[in-house]
Amino acid sequence: MKATDSKGDLNLEILRHSASHIMAQAVKRLFPKAKLGIGPAIKNGFYYDFGIDGTVLSQNLDRVQKEMRKIIKEDLPIEKEVLTKEKATKVFRQREEPYKVQLLEEIEDETVTVYRQGEFVDLCRGPHLESTGKLRFFRLTSVAGAYWRGKEGNPMLTRIYGTSFYTEKELEDYLGKIEEAKRRDHRKLGRELDLFSISSELGAGLVIYHPKGALLRDIIENFEKEEHLKRGYQLVMSPHISRAALWKTSGHLDFYRKNMYLFSSGDEEWVIKPMNCPAHILIYKSKVRSYRDLPLRYFELGTVYRREESGVLRGLLRLRGFTQDDAHIFCIPSQLVEEVGKVLQFAIFMMDTFDLGYHMTLSTRPAEFIGSPDHWERATQALKDALREEGLDFQMAQGEGAFYGPKIDIQMEDVLGRLWQGPTIQVDFNLPERFDLRYVAPNGERKRVVMVHRVVLGTIERFLGILIEHVGGAFPLWLSPVQVRILTVTEKENSFAENLHQQMVNKGVRSEMDLRNELLGFKVRQAELDKIPYMLIIGQKEAQKGTVTARKRNGDNLRDIKPEDFIQTVTEAVKEKRIEI
RNA sequence: GCCGACGUAGCUCAAUGGCAGAGCAGCUGAUUCGUAAUCAGCAGGUUGUAGGUUCAAAUCCUAUCGUCGGCUCCA
């Protein structure tokens with residue numbers, strides 16, 4: 001297998017796989033006692049797991065990198081050998097590699113392949129580069145712990161991540177992209193733009209929204225409410241605490257207990273809601289429902305609290321308290337295709353509005369499930385039909401569904417090409433059963449209803465985090481907490497500025513003034529850093545003519561604009577939810 | 001929860017067992033200026049928290065809370 005002639009994906013995989021072997025060889029040279037785990041190529045690079053004290057590797061990453069360069073310089077041929085399983089087992093026993101021996105035990109074939117480069121031998125399917133010298137552009141990126149074979153309870157190995165490319169430019173581009181992602185980190189921008197904070201005094205995984213963040217969230221929430229009402233959803237609301245017994249009925253107390261906040265007060269046990277479904281179900285159950293009423297679509301911006309493990313918390317992306325744009329659709333099984341189709345359209349409309357890409361995945365019945373296989377088959381088919389009718393490409397994830405029903409997951413793709421979990425649509429056979437949810441059919445029979453759980457942004461918090469990174473903090477006009485900032489050249493223009501400001505506020509434009517006694521350049525810089533879409537620059541010229549000079553976020557100037565024309569431009573862009581200003 | 005790295009002024013960081021410091025932000029004053037940083041001065045700290053070792057702790061040890069990178073999880 002020639003690996004060096006082009007740079008297709010397969011070849012990149014070979015390059016990275018060999019890079020991981022070279023890294024493992026370097027680690028073994030420096031730390032002979034390190035035990036080899038596994039070392040595959042992955043999406044953006046490669047890793048290798050070692051049984052060794054993590055501190056040692058994290059403090060010696062540079063040394064490992066240097067040793068790798070030596071091995072590359074030695075240009076050792078990488079040779080494949082076919083061995084019987086017994087022979088291979090003997091080799092790795094001798095080399096005191098227990099993890100490799102364990103892997104061999106699990107292989108059923110009679111023979112296995114090993115790859116040899118100099119003194120280093122690894123159990124491996126290959127293929128590999130011809131020699132270590134073919135690797136040129138690589139970088140070790142981080143050290144982290146990882147469970148052996150990915151199972152909690154197994155020993156924790158130390159994983160080194162790295163990446164490699166065929167050209168220096170590709171490597172630089174990749175590292176540049178990582179830098180760009182760091183610049184856009186929503187945690188950093190959230191602080192710099194004064195949108196939100198997370199305080200350890202308040203508690204990990206809980207967000208406090210500062211005025212600008214709260215405004216931004218309010219804009220998104222209002223947009224969501226409007227769009228839901230347009231699509232036949234009804235707004236509902238439910239309390240944050242409820243009796244534990246409700247969650248006994250729903251089954252959450254048995255299946256989800258470790259993630260729930262429970263407390264007792266008086267003689268009773270209470271739950272802080274981790275989900276909105278039971279409350280919506282109670283609304284459904286509050287009276288007898290006819291087939292004529294269906295489908296019923298209940299929507300709530302429902303704030304829920306879940307006890308997430310401390311290690312999984314991450315900015316706005318993974319929290320303990322968050323707000324889902326949650327809806328539950330109660331319908332007749334025959335309505336499923338149409339309802340799911342509508343949700344798909346809705347989700348796509350939202351992605352388009354925010355200029356995000358999307359990828360769909362259909363997850364089918366897992367090994368452990370409830371409900372009849374027949375129901376599963378029909379529901380899965382309904383989801384598939386809905387996807388096909390909307391003309392959408394999707395991937396299948398066999399056995400990845402929830403235990404209570406199949407689902408469609410939509411991943412959002414941001415401007416850097418990163419994927420984020422977004423909308424989900426889940427069919428549920430479980431809760432209608434547990435709560436005995438029925439409707440009266442045309443023939444008077446009381447039949448079981450089908451329930452669909454769905455979110456179209458996911459959670460407001462996570463979506464905000466993704467959005468902040470997607471736009472790099474420079475929100476489109478309709479979302480910008482501050483749309484316009486008026487900058488005066490000297491204090492002489494203050495009254496003109498104040499007048500203008502009031503005019504805009506009256507028209508619903510979110511305006512701010514910077515009347516500080518500072519140089520214009522200083523104020524412009526501040527407004528740029530604050531990523532304000534429009535600066536209105538007011539000096540002697542403007543004050544005399546009664547016009548404004550509008551400086552866009554990208555530096556372009558619009559001169560001699562009448563205030564009312566500017567206000568109209570802004571108002572129109574907001575109305576159309578234009579992405580570009 | 002697990003592995004590792006961390007936690008010093010609002011922010012970014014310095015001080016490696018020996019007097020806690022800088023830039024930005026803030027405040028005061030001067031300056032009245034045209035598109036990414038005007039000048040000067042002032043103030044800002046129980047070094048996350050609680051213990052311990054030491055003549056002496058930001059620095060070493062223990063616990064705890066939190067943050068970051070991963071793993072696992074994500075009904």
Side-chain angles (χ1 to χ4, degrees), chain A residues 47 49-59 61 141-161 178 182 185 187-188 191-192 194 197-205 247 250-260 274-275 277-278 304 306-315 317-320 322 401-405 407 409 421 424 426 428 430-431 453 458-459 462 487-494 516-530 535-542 549-553 555-557 559:
Chain A
Y47 68 79
D49 287 342
F50 304 96
I52 184 175
D53 179 6
T55 317
V56 174
L57 288 187
S58 64
Q59 286 171 357
L61 208 56
T141 49
S142 64
V143 180
Y147 297 107
W148 167 237
R149 314 241 71 192
K151 286 211 180 70
E152 209 171 359
N154 276 352
M156 180 65 73
L157 306 182
T158 302
R159 174 172 299 179
I160 303 182
Y161 284 94
I178 292 177
K182 267 186 204 159
D185 191 311
R187 293 164 294 197
K188 179 172 168 280
R191 188 182 51 243
E192 288 173 2
D194 200 14
S197 59
I198 294 176
S199 150
S200 61
E201 258 180 293
L202 186 71
W247 302 90
S250 72
H252 289 98
L253 223 39
D254 294 325
F255 294 107
Y256 201 56
R257 189 181 199 102
K258 67 174 198 324
N259 282 302
M260 290 165 69
M275 296 184 185
C277 350
V304 296
R306 300 181 183 174
R307 279 175 58 149
E308 299 291 351
E309 288 178 332
S310 59
V312 306
L313 302 176
R314 189 181 165 205
L317 302 180
R318 194 75 184 270
L319 293 160
R320 287 184 175 149
F322 51 89
F403 78 88
Y404 50 77
K407 62 174 179 175
D409 286 314
Q421 182 55 54
T424 66
Q426 308 193 342
D428 187 349
N430 180 40
L431 291 176
H453 308 251
T459 74
R462 175 179 288 185
L487 313 183
T488 49
V489 179
T490 75
E491 283 171 357
K492 292 178 198 117
E493 293 86 34
N494 280 8
R516 290 178 299 173
N517 174 15
E518 297 286 354
L519 298 181
L520 181 61
F522 178 81
K523 295 186 187 184
V524 168
R525 178 182 153 77
Q526 286 296 312
E528 283 290 343
L529 291 175
D530 291 341
M535 298 172 216
L536 287 189
I537 294 168
I538 307 299
Q540 207 183 356
K541 280 181 270 175
E542 288 81 2
T549 298
R551 185 194 205 269
K552 289 191 187 182
R553 199 151 48 189
D556 289 352
N557 275 303
R559 294 180 198 280

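Per chain, numbering begins at 1; letters A, B, ... match sequence-line order. Note that the coordinates shown come from a computational prediction; the quantities given were computed from them, not determined experimentally.
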Report yes if a side-chain nitrogen or oxygen of [X] is closer than 4.0 Å to either non-bridging phosphate oxygen (OP1 or OP2) of [N]; otherwise report no.
X	N	result
A:K552	B:U35	no
A:R191	B:U12	yes
A:R551	B:A36	yes

Inset, instruction - Tell me yes or no: between the side chains of A:E493 and A:T490, is some donor less than 3.5 Å from an acceptor? - result: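 A donor-acceptor contact under 3.5 Å links the two side chains.
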Kindly point out which of [options] is positioned nearest to the side chain of [X]?
X	options	value
A:R187	B:G34, B:G69, B:U35	B:G69
A:K541	B:G70, B:G34, B:A37	B:G34
A:R159	B:C71, B:C33, B:G66	B:C71
A:A204	B:G1, B:U67, B:G69	B:U67
A:I537	B:U72, B:G69, B:U35	B:U35

Legend entry - Sugar-phosphate only, base, or nothing, as touched by A:E542 at under 4.0 Å among non-hydrogen atoms: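 Since a base atom lies under 4.0 Å of A:E542, the category is base.
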Legend entry - Complementary nucleotide for B:G18 - Watson-Crick or wobble, under 3.5 Å: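 Pairing partner: B:C55.
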Inset, instruction - Tell me the partner of B:U64, counting only Watson-Crick (N1-N3 plus N6-O4 or O6-N4) or G-U wobble (N1-O2 and O6-N3) with both under 3.5 Å; none if nothing fits. - result: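 WC or wobble partner is B:G48.
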Inset, instruction - Return yes if the base of B:C73 and the side-chain atoms of A:R318 contain a donor-acceptor N/O pair under 3.5 Å, otherwise no. - result: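 Yes.
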Inset, instruction - Ignoring hydrogens and angles, answer whether the base of B:G70 and the side-chain atoms of A:Y47 contain a donor-acceptor pair closer than 3.5 Å. - result: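 In this structure, the two groups form no donor-acceptor pair.
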Inset, instruction - Work out which heavy atom in A:E542 is nearest to a heavy atom in A:T549; give both atom names and the distance. - result: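 A:E542 and A:T549 have their closest heavy atoms at OE2-OG1, 2.5 Å.
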Inset, instruction - Before accepting this row, confirm whether a basic side-chain N of the pair A:E308/A:R314 lies closer than 4.0 Å to the acidic partner's carboxylate O. - result: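 Not counted as a salt bridge, because no side-chain N and carboxylate O are separated by less than 4.0 Å.
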Inset, instruction - Report the distance from atom CG of A:N154 to atom C1' of B:C3, rounded to the nearest whole Å. - result: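 My rounded result for the distance is 14 Å.
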Legend entry - Integer-rounded Å distance: B:C65 P and A:I198 CD1: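 A:I198 atom CD1 is separated from B:C65 atom P by 18 Å.
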Inset, instruction - Fit a plane to each ring of A:H453 and A:Y404, take the angle between them on a 0 to 90° scale, and name the class: parallel (under 30°), tilted (30 to 60°) or perpendicular (over 60°). - result: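 Ring orientation, 0 to 90° scale: tilted.
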Legend entry - A:E528 or A:D53, whichever maps to the more 5' nucleotide of RNA chain B: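 It is A:D53 whose nearest nucleotide is closer to the 5' end.
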Inset, instruction - Nearest-nucleotide wise, let me know which of A:L529 and A:S310 is further upstream toward the 5' end of RNA chain B. - result: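 By nearest-heavy-atom nucleotide position, the 5'-most residue is A:S310.
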